[in-house]
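Position 1 is the first residue of the sequence; numbering continues from there.
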Amino acid sequence: MFPVVVVHGGSAQVPKERDEKVKSGGCSAARAGYAVLRAGGSSMDAVVEAVSQLENNPYFNAGRGSALNIRGEVEMDAIIMDGKTLGSGAVSAVRNIANPIQLARLVMDKTSHVCLTAKGANQFARSMGVPEVPPESLVTEYSRMRWTKNRAPGTDTGKSQMGKMGTVGAVAVDSEGNMACATSTGGLVNKMEGRVGDTSCIGSGGYADNQVGAVSSTGHGEAIMKVTLARLILFHMEQGQSVEAASDLGLAYMESRVGGLGGVVTVDPQGHWAARFSCPQMFWAAAQKDTLHYGLQTGEDFTQSIDDPL
């Protein structure tokens, strides 16, 4: 088993003028997570580092760059799970926090709960000394543009989601065979205030179990929740399916049963990994054996040394 980290940048159509920034940012996040593993760090630390990098990057829909709700405000969800203990922490509808994934880890480590939401999550953040950031620091011109366009009369709300990167996430296996997942999102463009999607729901936005594998999901949250996509994929792996086959089976069932599209990154205890999606595009990057793999379109798998620039 070789340590591995796999990240995704969301299942959405990437505008041509943004794809190089998305590739660069996603590969940097994979490298950051792999650096933790290469130094002997834990899978938990690796996925938090990778997802924090994506939250800090304005080209992804998480942290800075999050989609805006109907009121033009940022509300973010995140989850983390430890495959060794099945410990999990999540937050939903949080505001003024630069890195929700780090707050989710504090929920796991410092409370007896799994998920804190909205005002309570922000109160907990203050009690832990997590600094609040100005709300406007999380809003980008691109997110504001998408919000404005979606408010226009006659807008097709389905098409309005196109061109905005979705949920970000990561899965990892470390040198001790421990697994972890982490997922973070700003949610849907112009969502209702207080809407919570799949990301913070254990078994939907992510799941990790050392005995089976780890998954981080992205796509239409309501569809993912209806089929508990992450846990469904691990069920197929428990039945002997490979990471690729199990991922494809879960995504195919979601599409046929509830008409939902999405994508996942998946790993198993032996360090086998997959990045699979049913949507038009999903940026992903994986780092293992000092090699970086990445892709955006179906069938892509570019490879290079982990230390070489893109």
Side-chain angles (χ1 to χ4, degrees), residues 9-10 12 14-15 17-22 24-26 28-29 32 48-80 90-107 115-152 155 157 160-169 182-197 199-200 205 218 221 283:
V14 184
E17 67 272 14
R18 293 170 66 88
D19 64 2
E20 289 304 317
K21 294 289 189 180
V22 166
S24 175
S28 292
V48 169
E49 179 62 28
V51 171
S52 293
Q53 293 246 346
L54 295 169
E55 290 175 333
N56 293 338
N57 189 317
Y59 286 90
F60 297 93
N61 177 14
R64 181 168 178 250
S66 287
L68 307 182
N69 68 15
I70 193 67
R71 293 170 57 89
E73 300 167 339
V74 168
E75 291 183 308
M76 302 167 290
D77 306 336
I79 193 170
I80 190 165
V91 293
S92 65
V94 296
R95 305 166 184 256
N96 306 356
I97 301 295
N99 295 108
I101 196 64
Q102 296 176 22
L103 183 57
R105 185 169 188 179
L106 286 171
V107 172
C115 185
L116 296 178
T117 192
K119 181 180 177 181
N122 279 95
Q123 288 177 339
F124 171 68
R126 285 191 290 272
S127 75
M128 290 288 103
V130 176
E132 293 188 348
V133 299
E136 59 271 17
S137 70
L138 301 175
V139 179
T140 63
E141 290 183 10
Y142 187 75
S143 293
R144 184 68 67 184
M145 178 272 291
R146 298 302 305 169
W147 177 77
T148 300
K149 280 192 172 183
N150 200 42
R151 286 165 54 87
T155 299
T157 56
S160 74
Q161 304 299 329
M162 301 300 284
K164 180 61 190 174
M165 292 304 294
T167 301
V168 305
T183 313
S184 182
T185 190
L188 296 176
V189 179
N190 291 60
K191 63 187 178 182
M192 291 177 65
E193 186 176 10
R195 179 261 187 186
V196 176
T199 295
S200 58
T218 177
F283 177 79

Asks: Does atom CE (Met192) have a neighbourhood of more than 12 heavy atoms from anything else shown, all under 6.0 Å?
Replies: no
Asks: First locate atom CD of Glu75, then atom CG of Asn96, and finally report the distance between them rounded to the nearest 0.5 Å.
Replies: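 Rounded to the nearest 0.5 Å, the CD-CG separation comes to 11.0 Å.
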Asks: Check Ser66 against Met76 and note the closest heavy-atom contact, atom names and distance.
Replies: OG-CG, 3.5 Å
Asks: To the nearest 0.5 Å, tell me how far Ser184 OG sits from Leu103 CG.
Replies: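 Going from the OG atom of Ser184 to the CG atom of Leu103 covers 10.5 Å.
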Asks: Which heavy atom in Pro100 sits nearest to a heavy atom in Glu55, and how many Å separate them?
Replies: CD-OE2, 3.3 Å
Asks: So, does Ser143 use its side chain to make a donor-acceptor pair with the main chain of Val139 at under 3.5 Å?
Replies: no
Asks: Who are the side-chain hydrogen bond (donor to acceptor under 3.5 Å, both in side chains) partners of Gln123, not counting sequence neighbours?
Replies: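 Partners of Gln123 under the side-chain hydrogen bond (donor to acceptor under 3.5 Å, both in side chains) test: none.
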Asks: Sub-3.5 Å donor-acceptor pair from the side chain of Ser24 to the main-chain atoms of Lys21, do we have one?
Replies: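 Flag not set: sc Ser24 to bb Lys21 has no pair under 3.5 Å.
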Asks: Between the side chain of Thr183 and the main-chain N/O of Gly205, is any donor-acceptor distance below 3.5 Å?
Replies: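 A pair under 3.5 Å: yes.
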Asks: What's the spacing between Gln53 CD and Ile101 CD1 if we round to 0.5 Å?
Replies: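 The distance works out to 13.5 Å.
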Asks: What distance do Ile97 atom CD1 and Asn122 atom CG have between them, rounded to the nearest 0.5 Å?
Replies: 5.0 Å
Asks: For Glu136, does the CD atom have more than 12 heavy-atom neighbours from other residues, nucleotides or ligands under 6.0 Å away?
Replies: yes
Asks: Who are the salt bridge (Lys or Arg N to Asp or Glu O under 4.0 Å) partners of Glu193, not counting sequence neighbours?
Replies: Arg71, Arg95
Asks: Is there a side-chain contact between Gln102 and Val130, using heavy atoms and a 4.5 Å cut-off?
Replies: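 The answer is no, as the side chains (C-beta and beyond) never meet within the 4.5 Å cut-off.
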Asks: Give, for atom OG1 of Thr140 and atom CZ of Arg146, the distance between the pair rounded to the nearest 0.5 Å.
Replies: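 Going from the OG1 atom of Thr140 to the CZ atom of Arg146 covers 11.5 Å.
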Asks: Which pair of non-hydrogen atoms, one from Leu54 and one from Gly26, has the smallest distance, and what is that distance?
Replies: CD2-CA, 4.1 Å
Asks: Going by heavy atoms in the side chains, are Arg195 and Asn69 under 4.5 Å from each other?
Replies: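 Side-chain contact under 4.5 Å: no.
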Asks: Pro131: which residues meet the side-chain contact (heavy atoms from CB on, under 4.5 Å) condition with it, sequence neighbours left out?
Replies: none
Asks: Would you say the side chain of Val91 lies within less than 4.5 Å of the side chain of Thr117, judging by non-hydrogen atoms?
Replies: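 No, their side chains stay 4.5 Å or more apart.
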Asks: Looking only at heavy atoms, what is the nearest atom pair of Val22 and Phe283, with distance?
Replies: CG1-CB, 3.8 Å
Asks: Looking at CD1 of Ile70 and CG of Leu188, how far apart are the two atoms once the value is rounded to the nearest 0.5 Å?
Replies: 11.5 Å
Asks: So which heavy atom on Ala67 is nearest to which on Gly187, and how close?
Replies: CB-O, 3.4 Å
Asks: Can you check whether Thr185 reaches Asn61 side chain to side chain, under 4.5 Å on heavy atoms?
Replies: yes
Asks: Write down the atom of Ala90, the atom of Ile79, and the distance for their closest heavy-atom approach.
Replies: CB-CG1, 3.9 Å
Asks: With sequence neighbours left out, what residues match Asp19 under side-chain contact (heavy atoms from CB on, under 4.5 Å)?
Replies: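 So Asp19 forms a side-chain contact (heavy atoms from CB on, under 4.5 Å) with Val14, Lys16, Leu296.
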Asks: Apply side-chain contact (heavy atoms from CB on, under 4.5 Å) to Ser137 and list each qualifying residue two or more places apart in sequence or on a separate chain.
Replies: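 For Ser137, the residues satisfying side-chain contact (heavy atoms from CB on, under 4.5 Å) (neighbours in sequence not counted) are Val133, Pro134.
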Asks: Can you list everything that forms a side-chain hydrogen bond (donor to acceptor under 3.5 Å, both in side chains) with Thr218? Sequence neighbours excluded, please.
Replies: Ser11
